[in-house]
Amino acid sequence: MTRSGLSALSIAELRPLLRRREVSAREVLEAVEERINAVDGKIGAYLSRDFGAAAVEAEKADVNLPLGGVPIAIKDIINVAGQPCTCASKILRGYRAPYNATVIEKLRAAGAIPFGKTNLDEFAMGSSTENSSAQLTRNPWDLSRVPGGSSGGSAAAVAIDAAFGALGTDTGGSIRQPAALSGIVGVKPSYGRVSRYGLTAFASSLDQVGSLTKTVRDSALIMNAIAGPDPCDTTCLNEPVPDYAAGLGRGLKGVRLGLPKEYMIEGIDSPVRQAVDVAVKHLASLGAEIVEVSLPHTDYSISVYYILATAEASANLARFDGVRYGYRAENPTDLLDFYGRTREEGFGAEVKRRIILGTYVLSSGYYDAYYLRAQKVRELIRRDFEQALAKVDALVSPTSPTPAFKIGEKTSDPLQMYLADIFTNAGNLAGICGISLPCGFARSESGRTLPIGLQFLGKALDEARIFEIAYAYEQSTEWHKARPSLNDQNIVGK
Amino acid sequence: MAGESDLDVAYVAKLARLNLSAEETHLFQKQLGDVLKYAEKLKEIDVTGVEAAAHAVPIFNVFREDEPRDCFTAEQALSNAPHQANNLFIVPKVVE
């Protein structure tokens, strides 16, 4: 097999070749390196790579382990000892992680090789990866468009076969939305399913680490490796981890899927609506029973999310004070100037906006009206999902109301950018699990095909179910086999 | 234009220990005013008797054995320090 043929494989296709020693872990790693060198100049998915250290790991790889010898890309907000962890922020430029996140320890224990770090919106705050202080990442299906965000680098890397899979983080849709916009599979596990230890915190009650992969089965394989309790994270649940790959292939007979009536709103692009309608009919033809359900507080989720997420962010980002690590302003006049200017010079605009909003909603006189009220509405949203999911096995919806949008289209209007999360962030508020997978294409005015994502939301800790449902859909369609063509595209403009 | 909110970006920036330029202050005042105006709709909901959800999954009192474990050496803890000397973080003088 040629090197370029090798990098195009899924993890499930690659594993038997490694196990039978038809290819070595070293050759696989070299194939990924070659692919990155060949195509990432156009895309900008990676912030750093350490192929030297990765080659040493590849030499020692135990190919009999579940992910033995498989190179995995890591969103640059998850700490990998010895590698940079910049969170795409100027305030962490030059930072090198002194320890491993638990998910990295777990990936390595399963044999995977975390070899490089991918671009993101600064501190995972954004839906387009345009808030990176380091570089732009382009959507491989149309280089004039965003890959989604905040895990846009991870999504693009997988979409261009420059990683067999990647870790991302999802606080309000940051895995599922870029997976949808980049034409791949993205999984947000239930809150507490995966350890957050070693993930630089954005909103601690919402953040969750998950996977971005070419197929549903690959996501199940990565979840098998990273899920489970962790003594270093008290919010990580002490619950047994099923074999997520074992249940795939059960089919949809007897499965009930809920269609939230509040999700069929104005503002969904018509190609997205059509693709999801067709997908729902297809699911019914495979044996699923489709039921209309109601999530009455849907209209409030964006407001609740941006109050709670920014409140938590303002507290979490207080640690960036220029004392122990990261950027420090020079020649301060006094202590307030030291903090104020370090943070002014170190943080980008969106991070500053969210710190201001979060500080405001927590401040004396406004706490009850905003933060406390938002927490109460969060409880109502959580109950909506609990009640809807008591009647069905999973909910089905679009992942994003639109396909990939143009670079620069939403950067001047934060509220419009926040609305990109409309179908995803309630799942984080409710703590449930979700998956996005390809379900069709829209066509841009310049004639390029843009992927559309289908989302399934499942009960807390019911990842196995949404994997089964997503797998049944994926295996009876061809969408996941399409790959973007880079040869006929060149970067125009900046 | 701050909409109907009382947000004073310049004041909140001081609370957050975050200096902002005059331009940023002005821009955020408008943009966050829009966001807060959008969030006004939360006031429509009757939340009487609803408990505030700090987490989606309530977890209390997670304990583990109190056993000594490996921890950072001073060298590791200082490995990203902007300024350091003698195994200490060096900061500007803050008391007269």
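Lettering follows sequence order; numbering is per chain, from 1.
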Under 4.5 Å from any heavy atom of chain A - which part of B:Ile90: backbone

Could you look at A:Leu419 and say if it's the side chain, the backbone, both or neither that has a heavy atom under 4.5 Å from chain B? side chain

Which portion of B:Glu51 sits near chain A, non-hydrogen atoms under 4.5 angstrom: backbone

Rounded to the nearest 0.5 Å, what separation is found between the CZ atom of B:Phe89 and the OH atom of A:Tyr325? 9.0 Å

In terms of heavy-atom proximity below 4.5 Å to chain B, should A:Ser363 be classed as side chain, backbone, both, or neither? side chain

Determine the minimum heavy-atom distance between A:Pro332 and B:Pro92, stating which atoms define it. CG-CG, 3.8 Å

Chain B heavy atoms under 4.5 Å from A:Ile381: which part of the residue, side chain, backbone, both or neither? neither

Portion of B:Phe72 that has a non-hydrogen atom of chain A nearer than 4.5 angstrom: side chain

Which atoms of B:Arg17 come close to chain A, meaning under 4.5 Å heavy atom to heavy atom: side chain ones, backbone ones, both, or neither? both

Out of A:Ser205, A:Gly431, A:Gly365, A:Ala460, return the one with the most heavy atom pairs under 4.5 angstrom to chain B. A:Ser205

All heavy atoms of A:Ser412 vs all of B:Gln31, minimum pair found to be O-NE2, 3.3 Å

Greatest number of non-hydrogen atom pairs under 4.5 angstrom with chain B, of A:Gly192, A:Gly358, A:Pro231, A:Ala369, falls to A:Pro231

What pair of heavy atoms forms the shortest contact from B:Ala53 to A:Glu379, and how long is it? CB-OE1, 3.7 Å

Do B:Leu36 and A:Tyr370 make a side-chain contact, defined as non-hydrogen atoms from C-beta onward lying under 4.5 Å apart? yes

In this structure, CG of B:Leu18 is separated from OH of A:Tyr339 (nearest 0.5 Å) by 14.0 Å

Is chain B contacted by the side chain of A:Ala430, its backbone, both, or neither, given a heavy-atom distance below 4.5 Å? backbone

B:Val47 vs A:Arg373, side chain to side chain contact (heavy atoms under 4.5 Å, CB included): CA-CA, chis, key distance, verdict: CA-CA 7 Å; B:Val47 291; A:Arg373 176 166 280 265; 3.8 Å; yes

When B:Val91 is tested against each of A:Asp321, A:Leu335, A:Val323 for side-chain contact (heavy atoms from CB on, under 4.5 Å), which residue passes? A:Val323

Can you see whether A:Tyr300 engages B:Glu44 through a side-chain donor-acceptor pair at a distance of less than 3.5 angstrom? yes

Quick one: closest heavy-atom pair of B:Ala54 and A:Arg378, and the distance? O-NH1, 3.3 Å

Closest heavy-atom pair and its distance - B:Val50, A:Leu380: CG2-CD2, 3.9 Å

B:Leu32/A:Arg353 under side chain to side chain contact (heavy atoms under 4.5 Å, CB included): CA gap, chis, key distance, verdict: CA-CA 7 Å; B:Leu32 295 177; A:Arg353 254 193 303 273; 4.3 Å; yes

Locate the shortest heavy-atom distance separating A:Arg328 from B:Pro82; write the atom from each residue and the value. NE-CB, 3.7 Å

Going through the distances and angles, do B:Asn80 and A:Leu92 end up as a side chain to side chain contact (heavy atoms under 4.5 Å, CB included)? CA-CA 9 Å; B:Asn80 287 291; A:Leu92 281 172; over 6 Å; no

Does the side chain of A:Thr235 come within less than 4.5 Å of B:His55's, by heavy atoms? yes

Option that, when pairs with chain B are counted at under 4.5 Å, heavy atom only, ranks first among A:Asp334, A:Ile355, A:Thr359, A:Leu237: A:Thr359

Working to the nearest 0.5 Å, report the span between CG of A:Leu357 and CZ of B:Phe28. 11.0 Å

Looking at chain B, which one of A:Arg341, A:Lys352, A:Arg383, A:Arg382 has the largest number of heavy-atom pairs inside 4.5 Å, strictly under? A:Lys352

Atom group of A:Cys232 that falls short of 4.5 Å from chain B, counting heavy atoms: both

Check whether A:Thr342 gets within reach of chain B through its side chain, its backbone, both or neither, counting any heavy atom under 4.5 Å. neither

Would you say NZ of A:Lys90 has more than 12 non-hydrogen atoms from neighbouring residues, nucleotides or ligands within 6.0 angstrom? yes

Toward chain B, the part of A:Asn238 with a non-hydrogen atom under 4.5 Å: neither

Using heavy-atom distances under 4.5 Å, tell me whether A:Ile432 contacts chain B through its side chain, its backbone, both, or neither. neither

So what's closer than 4.5 Å to chain A heavy atoms on B:Tyr38: side chain, backbone, both or neither? both

Counting heavy-atom pairs under 4.5 Å to chain B, which of A:Tyr418, A:Tyr366, A:Tyr99, A:Phe347 comes out on top? A:Tyr366

Could you go through B:Ser79 and A:Arg96, starting from their C-alpha distance and side-chain angles, then the distance that decides it, and tell me whether this counts as side chain to side chain contact (heavy atoms under 4.5 Å, CB included)? CA-CA 8 Å; B:Ser79 63; A:Arg96 273 186 191 272; over 6 Å; no

CG of B:Leu20 to CD1 of A:Ile356: how many Å apart, nearest 0.5 Å? 5.0 Å

Under a 4.5 Å heavy-atom cut-off, does chain B meet the side chain of A:Tyr191, its backbone, both or neither? both

Max heavy-atom pairs within cutoff under 4.5 Å with chain B, candidates A:Glu312, A:Arg324, A:His297, goes to A:Arg324

Using a 4.5 Å cut-off on heavy atoms from C-beta on, say whether the side chain of B:Leu42 contacts that of A:Ile307. yes

